[in-house]
Amino acid sequence: YLAEEDFCNTQAFPDEEFWTYEATSIDADTIDYDCTRTLRPQADFVTPDVDLVLFTMGGNDAGFTNIVTQCFILKSGSGCEGTIETARGLLPEIRQLLLDGIAGIRAAGLREDAKIVQLGYPYLQTDNDYVALGLPPYPAGDEVRSLIDDGTDALASVSVAANAGHAGQMTFVPGIKEAFAGHEPDATTPVGNPDRWVNQVGDGTVTSLWYHPNGLGQSAYAA
């Protein structure tokens with residue numbers, strides 16, 4: 001009954017999500033239940049009809065949310081340092097996950113003449129020596145920027161391995177950091193960088209958008 005009625009499903013994204021239900025209590029008049037929303041993997045939508053796969057990858061696998069929380073919300077020096085070092089240690093694993101993902105979309109039917117294009121990430125803090133609290137204080141801004149440099153280098157190396165046996169199919173687009181230069185967030189002030197292309201704390205009520213590109217940033221990515 002619950003599955004048939006599908007109470008929690010707004011049908012806002014019918015191709016991308018589905019809901020499952022669990023009855024937690026049943027009596028003669030009522031049913032209490034929990035519903036769980038699941039998003040279908042984007043890779044599931046890659047078919048032989050697709051000619052271009054365009055994406056970013058790596059941030060979530062590196063603990064992006066933890067980095068943002070520790071370095072820019074809590075502004076904890078020790079917490080920021082821990083998340084940065086953890087992320088840096090994960091770079092080889094993330095590189096392999098990316099190669100596995102590319103193999104997966106090829107197995108799903110991606111044509112040999114289709115193109116795979118990966119974009120990198122911008123910096124998350126302007127180049128102004130932002131420091132997180134602690135004893136000693138931690139150079140959070142410089143270290144996060146350094147991590148993004150390391151991550152960019154790791155991701156840029158993937159296309160060489162991914163193109164083995166698939167000459168020229170995958171391209172890494174450089175220059176994202178340079179395009180966003182001067183438009184990064186600024187955690188040193190509650191006002192932030194007025195010219196930012198990336199949301200920061202306080203930009204709206206949807207916290208999941210913090211430290212993701214805003215409208216200007218999305219346009220810059222498209223360009």
Side-chain angles (χ1 to χ4, degrees), residues 3 6 8-20 35-65 67-68 87 90-124 147-180 183 197-199 206-223:
D6 208 8
C8 294
N9 195 340
T10 65
Q11 297 297 328
F13 307 99
D15 294 332
E16 299 177 24
E17 66 180 10
F18 63 90
W19 297 81
T20 56
C35 54
T36 301
R37 178 178 185 247
T38 300
L39 290 176
R40 294 185 173 90
Q42 293 180 42
D44 286 358
F45 296 90
V46 177
T47 69
D49 296 328
V50 170
D51 4 67
L52 174 65
V53 178
L54 177 67
F55 63 96
T56 61
M57 181 193 162
N60 290 338
D61 300 286
F64 171 81
T65 300
I67 293 170
V68 166
L90 288 171
L91 290 179
E93 178 181 335
I94 292 169
R95 185 179 184 277
Q96 186 58 51
L97 285 171
L98 179 51
L99 288 170
D100 293 344
I102 292 168
I105 62 175
R106 284 175 174 150
L110 187 72
R111 302 191 316 271
E112 279 298 318
D113 64 330
K115 298 300 182 184
I116 303 170
V117 178
Q118 181 178 13
L119 296 157
Y121 291 104
Y123 292 126
L124 301 179
L147 174 64
I148 291 175
D149 287 337
D150 292 345
T152 299
D153 291 343
L155 295 176
S157 71
V158 168
S159 57
V160 175
N163 283 334
H166 306 272
Q169 186 176 45
M170 180 177 179
T171 302
F172 179 82
V173 177
I176 301 300
K177 297 179 298 184
E178 292 76 11
F180 278 72
H183 301 288
W197 291 354
V198 177
N199 292 307
V206 183
T207 59
S208 62
L209 297 181
W210 292 352
Y211 285 88
H212 289 74
N214 60 22
L216 294 172
Q218 297 287 1
S219 295
Y221 257 115

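Computed from heavy atoms alone, side chains included, the values below leave out hydrogens, waters and symmetry copies.
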How far apart are the C-alpha atoms of Thr65 and Tyr211, what are their side-chain angles, what is the distance that settles it, and do they pass the side-chain contact (heavy atoms from CB on, under 4.5 Å) test? CA-CA 9 Å; Thr65 300; Tyr211 285 88; over 6 Å; no
Residue pair [X] / [Y]: nearest heavy atoms and the distance that separates them:
| X | Y | answer |
| --- | --- | --- |
| Phe172 | Pro174 | O-CD, 3.2 Å |
| Val53 | Val50 | CG2-CG1, 4.0 Å |
| Ala43 | Ile105 | CB-CG2, 3.7 Å |
| Ala87 | Leu147 | CB-CD2, 3.8 Å |
| Gln218 | Pro213 | NE2-O, 3.8 Å |
| Val198 | Asn214 | N-ND2, 3.8 Å |

If you round to the nearest 0.5 Å, how far is [atom2] of [Y] from [atom1] of [X]?
| X | Y | atom1 | atom2 | answer |
| --- | --- | --- | --- | --- |
| Gln96 | Asp61 | CD | CG | 12.5 Å |
| Gln118 | Ile176 | CD | CD1 | 10.5 Å |
| Gln11 | Glu17 | CD | CD | 7.5 Å |
| Leu54 | Ile116 | CG | CD1 | 11.5 Å |
| Arg111 | Thr47 | CZ | OG1 | 8.5 Å |
| Ile148 | Leu155 | CD1 | CG | 11.0 Å |

Would you mind reporting whether [Y] and [X] have side-chain heavy atoms less than 4.5 Å apart?
| X | Y | answer |
| --- | --- | --- |
| Arg37 | Thr10 | no |
| Met170 | Ile102 | yes |
| Phe18 | Asn9 | no |
| Trp19 | Thr38 | no |

Proximity of Phe180 and Tyr121 rings by center, below 6.0 Å: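 Not under 6.0 Å, so no.
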Take atom CZ in Phe55; do more than 12 heavy atoms of anything else shown fall under 6.0 Å from it?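 Enclosed.
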Is a side-chain donor or acceptor of Gln169 paired with a backbone partner of Ala114 at a separation under 3.5 angstrom?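 The answer is yes, because a donor-acceptor pair under 3.5 Å joins these two groups.
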Side-chain donor/acceptor of His212 to backbone N/O of Ser208, under 3.5 Å: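 It does hold such a pair.
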